[in-house]
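A short worksheet on the structure shown next.
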Amino acid sequence: MRPSYHPLTLNEVIIQQQSAFPYAKGELSQLLSHIAVAAKVVNKKINKAGLVDITGGADNVNIQGEAQQKLDIFANNTFIASIKATGILGGIASEEDDEIVIFDDDLSLNGKYVLCMDPLDGSSNIDVNVSVGTIFSIYRRISPPGTKVVIDDFLQEGTKQVAAGYIIYGSSTMMVYTTGLGTTSFTLDPSIGEFCLTEKFMETPEDGKIYSINEGNYAKFPRGIKDYLKYCQKVDEKTNRPYSSRYIGSLVADFHRNLMKGGIFLYPKTESNPKGKLRLLYECNPIAFLAEQAGGTATDGDGNRIMEIKPTDIHQRVPFIVGSKNMVRKVEEFMSKYYEK
Ligand code: AHM
Ligand code: MG
């Protein structure tokens, strides 16, 4: 046999998966390809972050009162421009924009989908060369095509997502996505500029040995979470404890590691932040969809499945516990003892 290098590219896999939906017109596939192109542009910029004047903060503050990084703005603009060009989307809700962005050109008015995204999650880590990510989530619009999209198109439960994914800009750049047919991962091969298939059906272990949480907030955690952390730290050879504590502070990177190795990520409610920190639309729902499709699970710690929470605001925050099934169940068990609802 002749030696050859023919990796399966993102587009090839998308086309294969599209054939599972006989009436699909390929619009969603096109959208995913555009997201991948924007990701390559952002990736290039991130790789050069230390060389050009794009690290550090910009002068703006976003709706959550946080300083926007220059790269946040670049990523936001790049994804919006690339995705708008497809004409498939009626609009975008972005963590970096206070209001939804409505596309009102003739093509986009008939667009069937809307997209929610965090264009650059964990961006405060860029200045110190730590992995960051882009997270996205796609819904079918509920308002009639031919009109401008409305806020209700975005305020849908996570169970209604038709696709979701993230790009991790790490030691290598990867794209992980789901259209409800499993969770699939790709790695960017910089030499050919293509995302190449890494794992078609990712499966996360049901149990793990890693817990990821900002333990600096320990004093403010609910009793159930404190007890779970003590459980993680307890020496018990039968159950492989103590677990390892690993926290990067970059959701995509922390989740990606736990997805591969088995583990749990927690950003629970605290006294001062009863809704936690992470955003339901841009961070929790897409990550929950990917986790579930890989055999994991995601809850708010009070017995509610993340993807069944009805959003009331595009920037809504929610306590977030995601990862290996049995680990998330254990947290729920500890939390339910105290009924801190
Ligand atoms: P961002 O969207 O402003 O970047 O914030 C989200 C990030 C997540 O990536 C990460 O899990 C979390 O904030 C870390 O928060 P903390 O520094 O409070 O631990
Ligand atoms: Mg974020």
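Note that ligands are numbered from 1 as they come in the structure, with each ligand's atoms numbered from 1 the same way.
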Ligand 1 atoms in contact with [X] (distance to a heavy atom under 4.0 Å):
X    : value
Y247 : 14 (C), 15 (O), 16 (P), 19 (O)
S123 : 4 (O)
S250 : 9 (O)
N214 : 16 (P), 18 (O), 19 (O)
E283 : 2 (O), 6 (C)
G249 : 9 (O), 10 (C), 14 (C)

Between the side chains of D153 and R140, is the shortest nitrogen-to-carboxylate-oxygen separation below 4.0 Å, so that they form an ion pair?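 Looking at D153 together with R140, the answer is no, because their closest N to O distance does not fall below 4.0 Å.
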
One thing to verify: whether R329 and E332 come together as a salt bridge, which I'm taking to mean a side-chain N less than 4.0 angstrom from a carboxylate O.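 Salt bridge: no.
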
Look at the rings of Y282 and H315 and say which category their plane angle falls in: under 30° parallel, 30 to 60° tilted, over 60° perpendicular.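 Because their plane-to-plane angle lies in the 30° to 60° range, the rings of Y282 and H315 count as tilted.
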
Give me the ring orientation class for Y247 and F265: parallel if the planes are under 30° apart, tilted from 30 to 60°, perpendicular past 60°.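 Answer is parallel, since the angle falls under 30°.
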
To check your reading of the site, what angle at the Mg ion (ligand 2) do OD2 of D118 and OE2 of E283 form, to 10°?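 Vertex at the Mg ion (ligand 2): approximately 100°.
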
Please work out the angle at the Mg ion (ligand 2) defined by atom OD1 of D121 on one side and atom OE1 of E95 on the other, rounded to 10°.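 Vertex the Mg ion (ligand 2), arms to OD1 of D121 and OE1 of E95: 150°.
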
Look only at interatomic distance and state if [X] has a nitrogen or oxygen under 3.5 Å from any nitrogen or oxygen of ligand 1.
X    : answer
N217 : no
G122 : yes
L251 : yes

K226 to Y218, cation-pi by 6.0 Å centre distance and 45° axis angle: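 Ring-cation test returns yes.
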
Relative to ligand 1, is D118 under 4.0 angstrom through side chain, backbone, both or neither, heavy atoms considered?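 The part of D118 near ligand 1 is the side chain, not the backbone.
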
Side chain, backbone, both or neither: F255 near ligand 1, heavy atoms under 4.0 Å: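 Within the 4.0 Å criterion, F255 makes no contact with ligand 1.
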
Grab the two heavy atoms, one from T183 and one from A294, that are nearest each other, plus how far apart they are.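 Here T183 and A294 meet closest at OG1-N, 3.6 Å.
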
Aromatic centroids of F186 and Y177 separated by under 6.0 Å: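 Between Y177 and F186, the centre distance is under 6.0 Å.
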
Quick one: do M307 and V176 end up in the same hydrophobic cluster if we chain Ile, Leu, Val, Met, Phe, Trp and Tyr together by side-chain heavy atoms under 4.5 Å apart?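 Unlinked, M307 and V176 end up in two clusters.
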
Do F289 and M260 belong to the same hydrophobic cluster, where Ile, Leu, Val, Met, Phe, Trp and Tyr are linked whenever their side-chain heavy atoms lie under 4.5 Å apart, directly or via other members?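 No.
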
For Y267, state whether at least one heavy atom is located under 4.0 Å from any atom of ligand 1.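 For ligand 1, residue contact (heavy atoms, under 4.0 Å) with Y267 is present.
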
